[in-house]
Amino acid sequence: MSLKQALTLESGAVQDAGVLDALPYIDGLTNDDRRQAEELITEELKKGNKKPSDYLASFPPLPASRFEGHPILQHEYARVKAGKQMEGIDTSRFHLAPPPASKHNDFSAWRAATDNAHSQLEHQYNRLLNLELLLRFGPNARRVHNKSLEGHVHRLEKEIEQLQQQKDSINRQRKLSQESDGRALQQMEQQYTALVAKNMEINMACRELESEVSELQEETGQSDASSHDTLENQAVGDDEAQKGIS
């Protein structure tokens, strides 16, 4: 199995496939393997950052807008469409200006100016009251808030520390397991090499024996042939001797 095939296997696809033949702590990475791994990581990042066009299909539809046809919004839509600037806040009501000279004898004008002065005075009184409340209770409230934030930060730091310990423990177990498997694989590889060498020696010995057997068979065949010729010669000599005697 190549590195690219090993890296592209998903958990669902390897449930019944047995143990993966990848030991990152034991197997060395060549430049080609590292390049393939970086390409796979880049492709996975591209897939993770790109959202499909229908990624909101699982959410319920948005409720009907309650602002459709609202006159204020329609006026703002028309202003934005026309490219006009938004009107600023009217600050005239924050001024303590007396009635103009033409309305010095107008009772309603003086009444409006007096009401405005009363509202400004009440506003300043509320500001002073808020400042006093802030000076009295603000530091303690800020301390309580800071204490709450410190506790939250401490919990997050503790959770991060626990996750880091879990990660280190998992990596440590993986490393120890892979080192143990690596030693076992190395031992089995040595045994395999020794058995292959032994088989080669046995094969060479068998060939030598076969060669010796062939030589012996050839020698045995030649001796049998010479013995047969000797016997035939003796038989012919005996025949001729008997004929001479007769």
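Worth knowing before you read on, the calculation uses all heavy atoms, side chains too, and leaves out hydrogens, waters and symmetry mates.
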Considering only distance and modelled atom types, tabulate donor-acceptor pairs under 3.5 Å from the side chains of residues 117-144, sequence neighbours left out.
residue: S119; atom: OG; partner: D115; partner atom: O; Å: 3.4
residue: S119; atom: OG; partner: N116; partner atom: O; Å: 2.6
residue: Q120; atom: NE2; partner: R93; partner atom: O; Å: 2.7
residue: N126; atom: ND2; partner: E122; partner atom: O; Å: 3.3
residue: N130; atom: ND2; partner: N126; partner atom: O; Å: 3.1
residue: N140; atom: OD1; partner: R143; partner atom: NH1; Å: 2.8

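The CH2 atom of W110 sits 5.5 Å away from atom NE2 of H104, with the distance rounded to the nearest 0.5 Å. Taking OH of Y192 as the reference point, atom CD of E189 lies at 9.5 Å (rounded to 0.5 Å). In this structure, NZ on K147 lies 10.0 Å from NE2 on H154, to the nearest 0.5 angstrom. If you take CZ on R172 and NZ on K167, they are separated by 11.5 Å, rounding to the nearest 0.5 Å. In this structure, NZ on K175 lies 11.5 Å from CG on D168, to the nearest 0.5 angstrom. Considering CZ of R183 and CG of L185, their distance stands at 11.0 Å, rounded to 0.5 Å.
Follow the hydrophobic side-chain contacts under 4.5 Å out from I72 and you never reach V80; the two are in separate clusters.
Between the S177 side chain and the Q173 main chain, no donor and acceptor come within less than 3.5 Å of each other. Within the 3.5 Å criterion, the main-chain N or O of E38 finds a donor-acceptor partner in the side chain of T42. S214 places a side-chain N or O within 3.5 Å of a backbone atom of E210 that can act as its donor or acceptor partner. In terms of modelled atom types and a separation under 3.5 Å, the side chain of S180 and the main chain of L176 share no donor-acceptor contact.
Residue pairs that meet the salt bridge (charged side-chain N to carboxylate O under 4.0 Å, His left out) test with at least one member in residues 71-83, sequence neighbours left out, are E76-R79.
Closest non-hydrogen pair, A113 versus A97, comes out as CB-O, 4.2 Å.
Within a 6.0 Å radius of CD1 in I202, other residues, nucleotides and ligands contribute more than 12 heavy atoms. Heavy atoms from other residues, nucleotides or ligands lying under 6.0 Å from CG of N105 number 12 at most. Within a 6.0 Å radius of NE2 in H152, other residues, nucleotides and ligands contribute 12 heavy atoms or fewer.
Annotation: side chain of E161 is not in contact with side chain of Q164 (no heavy-atom distance under 4.5 Å). Side-chain contact between S169 and Q165 is absent, with no heavy-atom pair separated by less than 4.5 Å. For the pair L156/E159, a side-chain contact is recorded, criterion being any heavy-atom separation below 4.5 Å from C-beta on.
Checked for salt-bridge contact, E39 and R35 meet the test: a charged N lies under 4.0 Å from a carboxylate O.
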